[in-house]
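Predicted model only: the values in this text are computed from it and were never measured. Chain A is the first sequence line, chain B the second, and so forth, proteins listed ahead of strands; every chain is numbered from 1.
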Amino acid sequence: MSSTFAGLTNAMAAISAQRYGLDVTGQNVANADTPGYTRQRAELAGVGPVAGVPSIYATPHASGGVTVTGTSRLNDPVVDGRARAEHGRNGTLQTSASTLSNVESLFNEPSDTGLADQLNEFWNAWSPVANHPDDLTARGVALEKAAGLVGSLNASSAALDRLTQGVTAQLTDVTGKISTAAGALAKLNGAMVQATASGINTNALADQRDVLLMQLADLAGAQTANQPDGSVTVTLGGQTLVAGTTANTVAVDSSNQVSVGGNAATTAGGVLRSLRESLTTVLPAYAAKLDGVAAALANSVNGLQQGGYDLSGAPGGPLFTGTTAAGLNLAATDPAKLAASATPGGNLDGSIAVKLSDLGKSATGGDAAYRQFVTGLGADVQNVTQQAAVQQAVTGSVDELAQSAAGVNLDEETSALLTYQRAFQASSRVLSTVDEMLDTLINRTGKVGL
Amino acid sequence: MMRITEGSAARGSLASLQSSASRLAILQGQLSSGRLITKPSDSPSGTSTALQLRAELSRMGQYQNNASDGLGWLTSVDTTLGSATDRMHQVRTLVLQGLNTGANDATSNEALAQQVDAARSSLLSLANTPYMGRPIFGGTTAGANAFNADGTYAGDTATVSRTVAPNTEVQINSSGTAAFGPNGDNVFDLLSDIAAKLRTDPSALGPDLDKIDAAQLRLSGQQALGGARYQRVQATQTAAVTTTIALKSQLSELQDIDLPTTAIEMATADAAYQASLATTAKIRQISLLDYLR
């Protein structure tokens, strides 16, 4: 036998449960566009007969209405983990692609203004010297072209240096961001542990935490492990970045070694890894190749110059000093001192100049080295750009999957809104019906015929 | 089944808009620059070939300049040797006159001798003809003259040549001794000798006629040689023009766009972009809320 007023309590529980459902739906609608927001659902459960009640008080067929058991956060943790892993890879590749494109833009090839064309003009300038060794204007032009080459190689080297400095600054910036995010995550960990222990809804905190975790994955490819107390532990390159409420700082030393809390971290992913690789291997390798171009140019030209004789018949000296792109300089300033003749005595032989004009065809000269440099750079850029595009697509599709689980669909929320509204209205009707019945029972009983 | 959410729908339509727009931007760049390869990563192997072709083209241009310069020199050699031959003709006539007049008329013989002297100095100045400040019969001498006033050779025996094609050097100079005779037995010695004989003993001039003929033969021989060289340089120059055209078309095929193809691709990309804009605008407007009152 159920209580006389059970109907009223049941209806009241239903009304408040439906209202709570409406609140959650409202929260979802309000945050439909909030980054990092995960949709929530009010978990309702029917209340059955209370177990363990002595049989004479038990109500076998009636029920206790409805109750709110919790608010679930509808994400897919497995997909979220995958998304973080893909974001880590994506961060590396996108950053590498952009760094390499920047390097490529320093070398404007193939064009009429690139170094390759300057080399062509330099070699061609030796032909008039070969044709008219006594023409100081022709010699002056050859010297000017040499000065132009020196200037271009110096400028390219300086631009590569500036790019390296830019990447170093980026690296400092990124480590700062990682440390900041790690600090914020440690604070959130504390709040999560407290809230979990006292049974408070942690969904909003979890949303903030996932945003930070994604940021750490993007920046550094950090690995995440959930702890039973509600906190997360984050490791970076084999070292603990965040554990509980403790966060370590990330630093990079002058040799570009990444350390977490003072301990050297081995491999990291994300933007951090790309920047570090650029600084330790990629950019130095390009600088070395550019130096190779300068060395090949200087050696081949100087070799011929020193084997020849200048306009006055004296043995020729080197045209270039230095064997690096940054250190290359002109050794000669007097056009008459350029060696064009293969024989001493101050004659107008031009066979050394002829050989110089043919150096552009040499397989070991500066041209071939520069062509290999440009082609290699182009292939690297193409390769990394394609990889980055593929990774972008993969990351996008995993993000899509994560969004599919966690994102808000307004149509869905609207229909939930209708359901809760109707249930609220019906519960109110139940309440008023029970009230009318009680009214009949209380006020009309015993008044038959009155 | 995959849930479609507001976020994923927005992201999806944005991504497809982005990809259409970037395709459009690439084609736009190709159309406005006219180039398929604007940076090495567009085609690394194509860039390598393009750089080589450009170097080749640039060398071809220089070969043509060298050839033009060589032709100028050879023309100068040709006209000079032609004039020298004419002078020798005049001298031959003078010698014949001297022989006919005999030893009787000292005055007219002196006049003939003076004409021979004039021919000698004219020949000397022809032998010292410069091309761009440099005596063309002096080999690689740095001096201003190929022959001294006394008729001795002042130049050297080195050759002067021009690189007119890959690995092709053509000699363009005629050595002064080959054209005017070796020291001690050259045309200047001969003419001095003739002038002296005219003044002293015109009857001894007989053997000089043969010597004049021999000198003329030397001059015209060198002139013919110069002509042959001229033809050779000219032929290589013509070949270089053909090669240049071939290289240019090769380079263009490699790095330039095919205008109609790119224009059609551009139109297609434009249509795709507009279609994705239109569908995005349409689909993103529809919601259940439109149908609830």
Requested in this report: State, to 0.1 Å, how close A:Pro110 and B:Arg54 come at their nearest heavy-atom pair, and which atoms those are.
Outcome: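 Residues A:Pro110 and B:Arg54, closest heavy atoms: CB-CD, 4.2 Å.
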Query raised in the report: Of the non-hydrogen atoms in A:Ser404 and B:Thr5, which two are nearest, and what is the gap between them?
Result: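 Smallest interatomic distance, heavy atoms only, reads O-CG2, 4.1 Å.
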**Report entry** Validation row: A:Gln382, B:Pro40 side chains within 4.5 angstrom (heavy atoms)
**Finding:**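 SC-SC contact between A:Gln382 and B:Pro40 ruled out.
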Query raised in the report: Are B:Leu288 and A:Leu410 close enough that some pair of their side-chain heavy atoms sits under 4.5 Å apart?
Result: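 When only atoms from C-beta onward are counted, A:Leu410 and B:Leu288 do not touch, as no gap falls below 4.5 Å.
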Region of [X] that comes under 4.5 Å of a non-hydrogen atom in chain A:
X: B:Ala50; result: side chain
X: B:Arg59; result: both
X: B:Gln52; result: both
X: B:Ile172; result: neither
X: B:Asp69; result: side chain
X: B:Thr163; result: side chain

Report summary line: Separation between CG (B:Asn65) and CG (A:Asn131), nearest 0.5 Å, reads 9.0 Å
Is it the side chain or the backbone of [X] that comes within 4.5 Å of chain B heavy atoms, both, or neither?
X: A:Asp367; answer: neither
X: A:Asp117; answer: side chain
X: A:Glu412; answer: side chain

Query raised in the report: With the threshold set at 4.0 Å, does a side-chain nitrogen-carboxylate oxygen contact exist between B:Lys39 and A:Glu109?
Result: no
Query raised in the report: In chain order, what residues pass the side chain to side chain donor-acceptor pair (under 3.5 Å) check against A:Thr99, with sequence neighbours excluded?
Result: none
Query - B:Asp156 side chain to A:Asn347 side chain, donor-acceptor N/O pair below 3.5 angstrom - result: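 Side chains of B:Asp156 and A:Asn347: no pair found under 3.5 Å.
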